[in-house]
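This report concerns only the one structure given below.
Values below: every heavy atom of this structure, side chains too, minus hydrogens, waters and symmetry copies.
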Amino acid sequence: MSVASFKRCLREYIFEVCGAGEAEQILSTAELAHSGQTRRSGEPYIEHPIAVANIINKYYPGERLLCTAALLHDTLEDAVNNGNFKDEQELVDTIRLSYQDPSEGAKVLSIVYALTHDKSIDYTSYLVELSKNADALKIKLADMLHNMSTGPTSRQALKYQNAFKALSPDGMAPQGIHPEHWNELNSIISSSIEL
């Protein structure tokens, strides 16, 4: 399959998963934000936000804005540092313009800002604070699930386990989180720690 054919299929898939008329523009924004970036495995980084959007679609079908926010969830952390936008404001404006409805763009930006981890705050505190925003928490847990499914380091697995326990000391899914999503993540974290 040619690169052009692959990109065309990818766009059609995102349109189907996110179900939004502007999904193509949002995917283009995410692709630009992560251009030249790769994951530890060497695959193009854009595959990660697409996988996170797919997890959102699996557990929270019909939540179109969550799906598109998942495509953009790492953009504020990565795009400017990667040199793909001159500054944060240019990226924010591009995200806003990706949505036909300005209120939807504003809502997605608020989710993406909530997901942007201030590295001066430890990960557990970040996740517990994030639990106050159910939409952002859904995406973060989908992000964690994908990261744990793609060969996490033992340090990453332990970090997630500690944060996961602090998020829910009783082991129950937080309000608004699909129990199957929670259980799948809990299972994968536990099995990674046991290895």
Side-chain angles (χ1 to χ4, degrees), residues 3-4 6-15 17-18 20-57 63-123 126-127 129-130 133 135-153 156 159-160:
V3 172
F6 174 75
K7 285 189 173 190
R8 192 171 39 259
C9 289
L10 184 63
R11 290 182 186 291
E12 290 169 8
Y13 170 76
I14 288 303
F15 182 78
V17 168
C18 293
E22 60 266 314
E24 185 170 349
Q25 179 62 38
I26 293 158
L27 178 59
S28 292
T29 298
E31 286 175 324
L32 178 58
H34 297 296
S35 179
Q37 187 178 2
T38 58
R39 289 180 52 85
R40 269 193 320 265
S41 64
E43 69 188 6
Y45 195 87
I46 191 63
E47 292 183 24
H48 170 65
I50 290 169
V52 173
N54 195 39
I55 292 167
I56 289 295
N57 185 58
E63 294 201 32
R64 179 178 59 81
L65 289 183
L66 281 186
C67 187
T68 59
L71 289 172
L72 299 166
H73 79 274
D74 280 336
T75 56
L76 289 173
E77 288 183 5
D78 299 339
V80 175
N81 291 338
N82 291 335
N84 296 328
F85 287 86
K86 69 177 179 181
D87 57 26
E88 184 176 313
Q89 189 58 54
E90 182 184 31
L91 173 59
V92 166
D93 291 344
T94 302
I95 291 172
R96 265 197 197 104
L97 292 172
S98 297
Y99 290 86
Q100 294 171 3
D101 181 341
S103 67
E104 289 184 353
K107 178 173 178 155
V108 167
L109 271 169
S110 73
I111 293 169
V112 173
Y113 270 112
L115 288 163
T116 303
H117 180 198
D118 176 350
K119 303 301 185 207
S120 69
I121 299 171
D122 71 271
Y123 193 80
Y126 156 72
L127 190 62
E129 182 65 26
L130 200 59
N133 182 329
D135 289 338
L137 184 60
K138 289 173 186 175
I139 294 170
K140 176 45 70 178
L141 295 177
D143 173 59
M144 291 170 70
L145 180 57
H146 183 249
N147 286 337
M148 292 301 298
S149 301
T150 56
T153 64
Q156 184 179 33
K159 174 179 83 170
Y160 282 4

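Between Ala114 and Asn133, the closest heavy-atom pair is CB-ND2, 3.8 Å. Closest heavy-atom contact between Leu115 and Ala136: CD2-O, 3.2 Å. Here the closest non-hydrogen pair linking Val112 and Ala69 is CG2-O, 4.2 Å. Taking all atoms of both residues into account, the shortest heavy-atom contact from Ser35 to Asn84 is O-ND2, 3.1 Å. The shortest non-hydrogen separation linking Leu71 to Pro49 is O-CB, 3.4 Å.
Partners of Arg40 by salt bridge (Lys or Arg N to Asp or Glu O under 4.0 Å), not counting sequence neighbours: none found. Residues passing the ring-ring contact (aromatic ring centres under 6.0 Å, His included) test with Phe85: none are found, sequence neighbours excluded.
Atom CG of Leu145 sits about 12.0 Å away from atom NZ of Lys140, to the nearest 0.5 Å. To the nearest 0.5 Å, atoms OG1 (Thr68) and NE2 (His73) are separated by 13.0 Å. We find the CG-OH distance between Asp74 and Tyr45 to be 3.5 Å, quoted to the nearest 0.5 Å. How far CD1 of Ile56 is from CG of Leu65: 12.0 Å, rounded to the nearest 0.5 Å. Annotation: the span from Thr38 atom OG1 to Ile46 atom CD1 amounts to 13.0 Å, rounded to 0.5 Å.
With contacts defined as side-chain heavy-atom distances shorter than 4.5 Å, the pair Asp143/Ile55 does not qualify. Leu66 is listed as a side-chain neighbour of Ile111, based on a closest heavy-atom distance under 4.5 Å. Taking the side chain as every heavy atom from C-beta outward, Arg39 and His48 approach each other to under 4.5 Å. Using a 4.5 Å heavy-atom cutoff, the side chains of Thr29 and Thr75 are not in contact. You'll find the side chain of Leu27 reaches within 4.5 Å of the side chain of Ile50, heavy atoms only. Side-chain atoms of Ser98 and Ile26, non-hydrogen and from C-beta on, do get closer than 4.5 Å to each other. Contact of the Ile121 side chain with the Glu129 side chain is not registered, since no non-hydrogen atoms from C-beta on lie closer than 4.5 Å.
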inquiry  = Could you walk me through whether Val92 and Leu76 satisfy the side-chain contact (heavy atoms from CB on, under 4.5 Å) test, starting with their C-alpha distance in whole Å, then the side-chain angles of each, then the deciding distance to 0.1 Å, before giving a yes or no?
reply    = CA-CA 8 Å; Val92 166; Leu76 289 173; 4.2 Å; yes

query = Are His146 and Glu47 close enough, and set up right, to give a side-chain contact (heavy atoms from CB on, under 4.5 Å), and what steps lead you there?
reply = CA-CA 10 Å; His146 183 249; Glu47 292 183 24; over 6 Å; no

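For NZ of Lys107, the number of neighbouring non-hydrogen atoms (other residues, nucleotides, ligands) closer than 6.0 Å is 12 at most.
Note on ring orientation: taking the six-membered ring where Trp is involved, the planes of Tyr126 and His117 are parallel (angle under 30°, cut-offs 30° and 60°).
Annotation: salt bridge (Lys or Arg N to Asp or Glu O under 4.0 Å) contacts involving residues 83-95, sequence neighbours excluded, comprise Asp93-Arg96.
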